Amino acid sequence: MTTEATGPLSPYLGVARLFGALANPARCAIVERLTVEPRFVGELSQELGLSQPLVSQHLKVLREAHLVEGFRDGRVTRYRLLDEHVAHIFLDAHQHTKEHHDDHCTH
């Protein structure tokens, strides 16, 4: 018997986890803002209208998926995208969905 962890699907588990982490509008909004510049939790909270604990929970999911990292800036932590690949993945997916949304709205 083959399992996902060891079978032919195993190379895709990481990709599924990555997209799973992005499968939430709040986390997508966080990633989009981090494509511009690193942010503090308080900044993200204010910009998104979400509580700081909720933003922290979303950042934890993104960290565990290796999409963002925190770094000390004085006595507080700022968050940034782990690398440029994350920005490209997100921005390409975002552009794709906007194009297809526009297609459905005009037909």
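A quick note: this is a predicted structure, and the numbers were derived from the prediction, not measured.
- No path of Ile, Leu, Val, Met, Phe, Trp and Tyr side chains, each step under 4.5 Å between heavy atoms, connects V61 with F19, placing them in separate hydrophobic clusters.
- Sorted by first and then second residue, the salt bridge (Lys or Arg N to Asp or Glu O under 4.0 Å) pairs involving residues 14-34 (not counting sequence neighbours) are R33-E47.
- Under the 4.5 Å side-chain heavy-atom criterion for grouping Ile, Leu, Val, Met, Phe, Trp and Tyr, L91 is connected to L34 within one hydrophobic cluster.
- Nearest heavy atom pair, residue C28 against residue L22, reads SG-O, 3.0 Å.
- In the displayed structure, Q95 atom CD is contacted under 6.0 Å by more than 12 heavy atoms of other residues, nucleotides or ligands.
- In this structure, L67 CG and Y79 OH are separated by 14.0 Å, a value rounded to the nearest 0.5 Å.
- H85 is not listed as a side-chain neighbour of H88, based on a closest heavy-atom distance of 4.5 Å or more.
- The distance from atom CD of E64 to atom CG of L59, rounded to the nearest 0.5 Å, is 11.0 Å.
- Taking the six-membered ring for Trp and thresholds of 30 and 60 degrees, H96 and H100 have ring planes inclined between 30 and 60 degrees apart.
- What you find for S45 and S51 is that their closest heavy atoms are OG-C, 3.6 Å.
- Among residues two or more places apart in sequence or in another chain, the side chain to side chain contact (heavy atoms under 4.5 Å, CB included) test is passed with E69 by R80, L82.
- By the 4.5 Å heavy-atom criterion applied to side chains, R63 and K60 are counted as neighbours.
- With respect to S56, the side chain to side chain contact (heavy atoms under 4.5 Å, CB included) criterion is satisfied by exactly one of L44, V41, T77: V41.
- When hydrophobic clusters are built by joining Ile, Leu, Val, Met, Phe, Trp and Tyr residues whose side-chain heavy atoms come closer than 4.5 Å, directly or via intermediates, V86 is grouped together with V15.
- Once rounded to the nearest 0.5 Å, the distance linking NE2 of H94 with OG1 of T97 reads 6.0 Å.
- Note that CG of D73 is 6.0 Å distant from CZ of F71, once rounded to the nearest 0.5 Å.
- A cation-pi contact, defined as under 6.0 Å to the ring centre and within 45° of the axis, links R78 to F40.
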**OP:** Decide yes or no on side-chain contact (heavy atoms from CB on, under 4.5 Å) for L18 and I89, but give the supporting numbers first.
**Re:** CA-CA 10 Å; L18 180 145; I89 291 165; 4.2 Å; yes

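- Pairing each heavy atom of A29 with each of L48, the nearest pair is CB-CD2, 3.5 Å.
- Between the CZ atom of R39 and the CD1 atom of I30 there is a distance of 11.0 Å, given to the nearest 0.5 Å.
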